[in-house]
Amino acid sequence: MPESITLKDPGRESRIFLVRTLTAVLIACALLAGILYRYYNLQIRDYETYRTQSERNRVQLQPLPPKRGLIYDRNGVLLADNRPSHMLSIVRERVEDLDATLEALRALIPISESDLETFHQKLGHRRPYEAVPLRFRLTEEERALLAVNRHRLPGVTVDAQLLRHYPHDALFSHAIGYVGRINEREMQALDQSAYRGTFHIGKVGVERYYEDVLHGEVGYQNVETNAHGRVLRVLERFDPRPGEDLVLHLDYQLQQAAERALGEQRGAVVAIDPATGGVLALVSTPGFDSNLFVNGISTEDYAALRDSPDVPLFNRAVQGQYPPGSTIKPMMALAGLQAGLITPETTVPDPGWYRLPGDSRRYRDWILKIRGTGHAPRVDLHMAIAESCDVYFYDLARRLTIDRMHELLAPYGLGERTGLDTTNERPGVLPSTRWKRDHLGKPWYPGETLSAGIGQGYMLTTPVQLAVATSVLATRGVQRVPQLLKSVGGVAVEAPEVSRIEASPEHWDAIFESMRAVVHSRRGTARKIGEGMQYEMASKTGTAQVIGIAQGAIYREDEVAERHRNHGLFIAFAPIEAPTIALAVIVENGGGASVASPIARAVLDDWLLREPPQPDAAASEGVPVDG
Amino acid sequence: MGDYVRQMPGERAGLQDSASLARRLHLDLPLLLLLLVVAGLGLVVLYSASGQQLGAVIRQAQYLLVACTVLLVAAQIDVQRYARWAPWLYAGGVLLLVAVVFFGVGAKGAQRWLSIGGFRFQPSEIMKLCMPLMMAWFLAGRGLPPRFTLVLGSLAIVILPAGLILVQPDLGTSLLIAASGLFVLFLAGIGWRYIGGAVLLAVLSAWPAWMYLLKDYQRQRILTLLDPESDKLGAGWNIIQSKTAIGSGGWEGKGWLQGTQSQLDFLPEGHTDFIIAVLAEEFGLRGVLILLALYLLILLRGFWIAANAPSTFGRLVAGSLTLTFFVYIFVNMGMVAGLLPVVGVPLPLVSAGGTSLVTLMAGFGVLMAVATEPRTVIPR
């Protein structure tokens, strides 16, 4: 068509339009003929094929759920297993009267209200002729009863399936989490076709975090069935791909030692291998039996767990946020050295209290109420950490300022989620003037800097954060993302490095030496646990205030209700010359660090002195090393 | 074309009265009758597809009533007034689409609706009408075929709203609206060199688009189309089931309310996008042929109106609206039969749903306004 430009020429314009319209009509007719040809092919040429296919009550597609990946500890101890179990399901299309069938079933075997509720939910999401589960874990007796009555229960089937089982009761409940029945909300968010035939999904912890890896891929088979839904013949089959097995850094024996040491107390222990960032133990007490959740926990059991004053469902190791107390003093000291505000030789006068210039308020040292005076006339870094002197750190904190403190303590992983591969981790708080403005809308007061300097006030940390911070100390500055997963499908998983603290070796030596003195010196705050110790450790005690003590009041531990007693904290790494383990212990309302330090000793003893070397950990140094 | 004589096919003396009433109401009687017959057929199929729920049929009939009212109103407006309004309607539509980007609400990761005082609507529906009007206004009166600069301008007019809808994301609607604009360009006589070049460009850009532009679910839809067996439990399910429904209908069909695929719930979306499968299963290829014949008559009537329209603007608008109607039929019937990827396009006049029906009838209202445009106004 020529491009020559013409002024408006209605005759020409309508000619152009007419030609184009005719072209369009021809194209449209051709395309409609194509569509018609397609329908002709489907409805006339391939009629027989589709007619047969539409007789769906004879041939049906069955999903084959994948086997969920298993979870092992570092030495091959099975932590999460699959066990065969029988379930009762119903094919709605084959049931004449659903209510009558359900009545008949309830007369035979126990079916709870929550079973029925889940069943009715699933009924709405099913594919035609898909079996919908009603009851899991049938007993031998129940199966026999159902078998005998099968003839009068058309559409009711009993199938074997694999079900999650946790063999170690409450020991790993917080470390690996659990699976549970898929609920309505999860159903909406899921790729439903990937979960055909699967009724469970990871709810919390490792089970949830690695759901994609553990789940695998669904398979399916085309089966020919008779009028009662019994499978007569498998026409074609595509196998499912099982989920990957996970090997965790966790050590069964160490986990046990930590749980035993905590005993009846509420608290948490997190132990990390500083070299890899691998989490060797993660205990939060009290725990609970994860198996309760696998098949839908009963209302009574759940209420008991939920309403217990000890909150067993609360994972203290990652969700519990506690003031770190004096455990941050080694990090504060290094911050002072880095900033050039102090040297290892710097001393501070210690009358047992501290006063801000132009402020009459006295900030007391914990030693004042015991001895009526300070630790010594003048206190240096070594003594300040070994004896946990508050005045030294009040002074340092004031000179450092809160924002500098925030900047220098951040590389220990405080105030942010560590990125541990589990669910529900809390971030804690590493305060700064900006943090207070953003979160509380108030300016920062100088006195609050002093509280922060001894790990009180706004500062909050989780046990896993403290363990990471301890690991940063043990490695002289390397922060790694803590990781539960050691390898998957035989391929090792490396924990990424987050940051590195640059400080001179002499400064690190001074910190290590002072932390050594906490246990291994005459006046160290944890000297009691040093008795008969066959290795040397670096550590720090801490006490976290639960309620504020009014100015001038005298703190009498026995008068304070148990729930208001201070939390006891302890961080440690060992052996000091080449650390293979770094840990944090917290005992809620333990009163002070003296309840936490023996727990640390028990865990370290197990790791460093364990008698029969583990099969793949028989290292030449005589201590188990990461394989 | 010579002198215009108003004529109706098969017009007889008995129809004279109703015909003149229709003319006074600015209605094109043959077109209106065809539309009502197809919509009525749709209600019959819907009763079966909805699992024999009279409520669903009544609700759809109410939508139909509303849609016919909209048609009646749209038909009363003078064509030249549409031409004057076109740029403002278009600008308003684009503004609403921009508002969707910022204030839109939606579900399942797509943000398509605007909610004003509790009333939710999709601005992209409005665009379906604004686009042909705007393009026709832009090209008419500037000489046909359009010059190069005009082609560039029209491309900008097309791309702006199409792009805004694409990011919602709603690829199907975006392509349909772009198509309705490009049809105007085609009907205006744009050179075949442009068309050839555009086709070449589309072919060349297919690979990069596949790699970078399409989202995972869109790629999945196309892959599923090529090999529905690859995803038997997921997306392939719909196509396998709808093909089975259509195929098992044969020539005669299983009979009304007798379709096993649809009545036993094998067929997903049986009352909306996949309703043609229900018709094909229960009424067989015979039923499909009848429906296609009715659609063809509507298309031919639409093109007839377009060809006979006195003004260039009217011709372009009528032609584009008719072609767009055709695309709906083609895409829907093609996707249900497994020829085209599954995009959410309803079968016009038959699928359940109010919004698309109202938009469609509004379009036919404009078409009828063109059909009854007075000839004398146009200076020759």
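Just so we're on the same page: letters track the sequence lines, and every chain starts at 1. Just so it is clear, the values below take in all heavy atoms, side chains as well, and ignore hydrogens, waters and symmetry mates.
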For this session: For chain B, find which of A:Asn41, A:Leu22, A:Val25, A:Thr23 contributes the most heavy-atom pairs closer than 4.5 angstrom.
Result: A:Val25
Seminar exercise, completed: Turns out that what part of B:Leu187 lies under 4.5 Å from chain A's heavy atoms comes down to both
For this session: Report the option among A:Asp46, A:Ile44, A:Thr21, A:Leu31 that has the most heavy-atom pairs separated by less than 4.5 Å from atoms of chain B.
Result: A:Leu31
Exercise. What closest approach, in Å, do A:Tyr50 and B:Lys243 show between heavy atoms, and which atom pair accounts for it?
Worked result: OH-CE, 3.2 Å
Exercise. Given that the side chain runs from C-beta out, which part of B:Phe326 has a heavy atom under 4.5 Å from chain A: side chain, backbone, both or neither?
Worked result: side chain
Problem set entry | Atom pair CE/CG of B:Met333 and A:Leu36 - distance to nearest 0.5 Å | 7.5 Å
Exercise. Between B:Leu299 and chain A, which part of the residue has a heavy atom less than 4.5 Å away: side chain, backbone, both or neither?
Worked result: side chain
Problem set entry | Partners meeting side-chain contact (heavy atoms from CB on, under 4.5 Å) with A:Arg208 (sequence neighbours left out) | A:Thr423
Seminar exercise, completed: Heavy-atom nearest pair, A:Ala24 first then B:Phe186, reads CB-CE2, 4.2 Å
For this session: Drop me the distance from B:Ile190's CD1 to A:Ile16's CD1, to the nearest 0.5 angstrom.
Result: 12.0 Å
Exercise. Looking at A:Tyr47 and B:Gly249, what are the two nearest heavy atoms and their distance?
Worked result: CE1-C, 4.1 Å
For this session: For the residue pair A:Leu32 and B:Ile329, establish whether any side-chain heavy-atom pair is separated by less than 4.5 Å.
Result: yes
Exercise. Side chain, backbone, both or neither: which part of B:Ala188 has a heavy atom under 4.5 Å from chain A?
Worked result: backbone
For this session: Rounded to the nearest 0.5 Å, what's the gap from CD on B:Glu281 to CD on A:Gln43? Could you check?
Result: 10.0 Å
Problem set entry | Heavy-atom closest pair, residues A:Tyr39 and B:Ala337 | CE1-CB, 3.7 Å
For this session: Give, as side chain, backbone, both or neither, the part of B:Leu291 having an atom under 4.5 angstrom from any heavy atom of chain A.
Result: neither
Exercise. By a 4.5 Å heavy-atom criterion (distance strictly below it), what part of B:Leu316 contacts chain A: side chain, backbone, both, or neither?
Worked result: both
Exercise. Donor-acceptor pair, A:Arg20 side chain versus B:Leu185 backbone, under 3.5 Å?
Worked result: no
